[in-house]
K.L.:
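The structure is given below, and queries will be raised subsequently.
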Amino acid sequence: MLTEFTVLNSDNYKKSIDHAAEIIRNGGLVAFPTETVYGLGANGFNEDAVCNIFKAKGRPHDNPLIMHVSDLDMAAKIGCLTDDFYKLASMYWPGPLTIIVKKKECVGDAVTCGLDSVAIRMPENFYARELIKAAGVPIAAPSANTSGKPSPVTALHVKNDMDGKIEAILDGGPCDVGVESTVVTVCTDVPTVLRPGAVTPEQINDALGNVALDKAVTQMLPEGEKPMAPGMKYKHYAPSCKVIIVEGSKSVEYIQSKLKADKDAYCMCFEGEEVLFDRNIVYGKESDSLSLAHGLFSAMRDADVMDISVLYARCPQKTGVGIAVFNRLFRAAAGNIVVAE
Ligand code: TXA
Ligand code: MG
């Protein structure tokens, strides 16, 4: 299949988005920018098209998709919207927050993988919302990467994974946030964050006065135990080399000794630390978790095409947006953390 690639700008976007919306309405797949990561979209009401998303990504069949909407009316068509839902939506939509509610009958099993709930998000990215509006249907979309690879934060990342497998890619420039949306369920007694993102647990607590963090966010679950978000059980977001997170007061010395002993080992470090590590990939500022979120997946994709034996990652702060960065690293490392004290 020939994949169309279109760079969006303020002059051409209307025509290009109308064309992409037509592809979606006709059952095709279109990758599009959002403020978090690029999405791989299909008409959320077309079961065959949704199945093709799983094929293009090589995605496991028990991992449900997020429905992207352009307004609250569209959300009300697919989900049973509760008070908690409206509190969250009024504070953080449009934006990097996905809310899980009970689904309505019109949402098919291909999207939810048979669950009775549906994940809904109204993205903030202008092109994303124009595309959904023009399509006139909710767009089912996971991140537009091959399953298991780091999520794409530029259209080129998408092209590397999806060229020849989907109808079109819309290039809206690099994504602002750089990690996927926060996923919160309001179906449980206590609203629970299943995946952390740029909307922090603290901010959800501000809206609802109550929030829990699913333990799969910061721990590897024992064999056989199912996380509430099926996606959180997979080793994920990983470059092809081994990743080890290093934390503790002696982290720098520990990584330096590892780099000395193995000339193919690298450090994924903070800005300003390049002088400390002979072989390094910088992913952002230690004091600014948003900059780490922004740089993380590009750094991992860079690592992916280099000949690296082990990538030792400096550990981000585990507060605010830092918990989202830590969660992605933790999954890339398959839970592998060293404490150097
Ligand atoms: O920022 C984002 O959320 C991006 C952009 C494209 O919007 N999308 C994204 O989708 O990250 P994906 O498919 O890569 O991740 C969706 C996560 C998965 O962990 C999945 O298991 C979970 O949301 N999920 C979806 N529907 C769910 C449901 N009904 N119940 C529990 N978890 C659900
Ligand atoms: Mg994903």
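Indexing begins at 1, ligand by ligand and atom by atom, following the structure's order.
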K.L.:
Would R59 count as a contact of ligand 1 if the rule is a heavy atom under 4.0 Å away?
P.N.:
yes

K.L.:
Do E180 and ligand 1 have an N or O pair less than 3.5 Å apart?
P.N.:
no

K.L.:
With sequence neighbours left out, what residues match E47 under salt bridge (charged side-chain N to carboxylate O under 4.0 Å, His left out)?
P.N.:
none

K.L.:
Decide whether an N or O pair under 3.5 Å exists between N63 and ligand 1.
P.N.:
yes

K.L.:
Under 4.0 Å between a side-chain nitrogen and a carboxylate oxygen: does that hold for D262 and R279?
P.N.:
no

K.L.:
Looking at residues at least two apart in the chain, or sitting in another chain, which of them share a salt bridge (charged side-chain N to carboxylate O under 4.0 Å, His left out) with R129?
P.N.:
none

K.L.:
Pick whichever of G39, A144, C175, A140 has a heavy atom sitting closest to atom 6 (C) of ligand 1.
P.N.:
G39

K.L.:
Has T112 got any heavy atom lying under 4.0 angstrom from an atom of ligand 1?
P.N.:
no

K.L.:
Anything under 30° is parallel, anything over 60° is perpendicular, the rest tilted; go ahead and classify Y254 against Y312.
P.N.:
perpendicular

K.L.:
So with a 6.0 Å cut-off around NZ of K104, is the heavy-atom count from everything else above 12?
P.N.:
yes

K.L.:
When you measure from the Mg ion (ligand 2) to the N, O or S atoms of S143, does any of those distances fall below 2.8 Å?
P.N.:
yes

K.L.:
Applying a 4.0 Å heavy-atom criterion (strictly less than), which segment of M228 is in contact with ligand 1: side chain, backbone, both, or neither?
P.N.:
backbone

K.L.:
Which value, rounded to the nearest 0.5 Å, describes the distance between I120 atom CD1 and I78 atom CD1?
P.N.:
4.0 Å

K.L.:
Taking N or O atoms only and a 3.5 Å limit, does R195 qualify as a polar contact for ligand 1?
P.N.:
yes

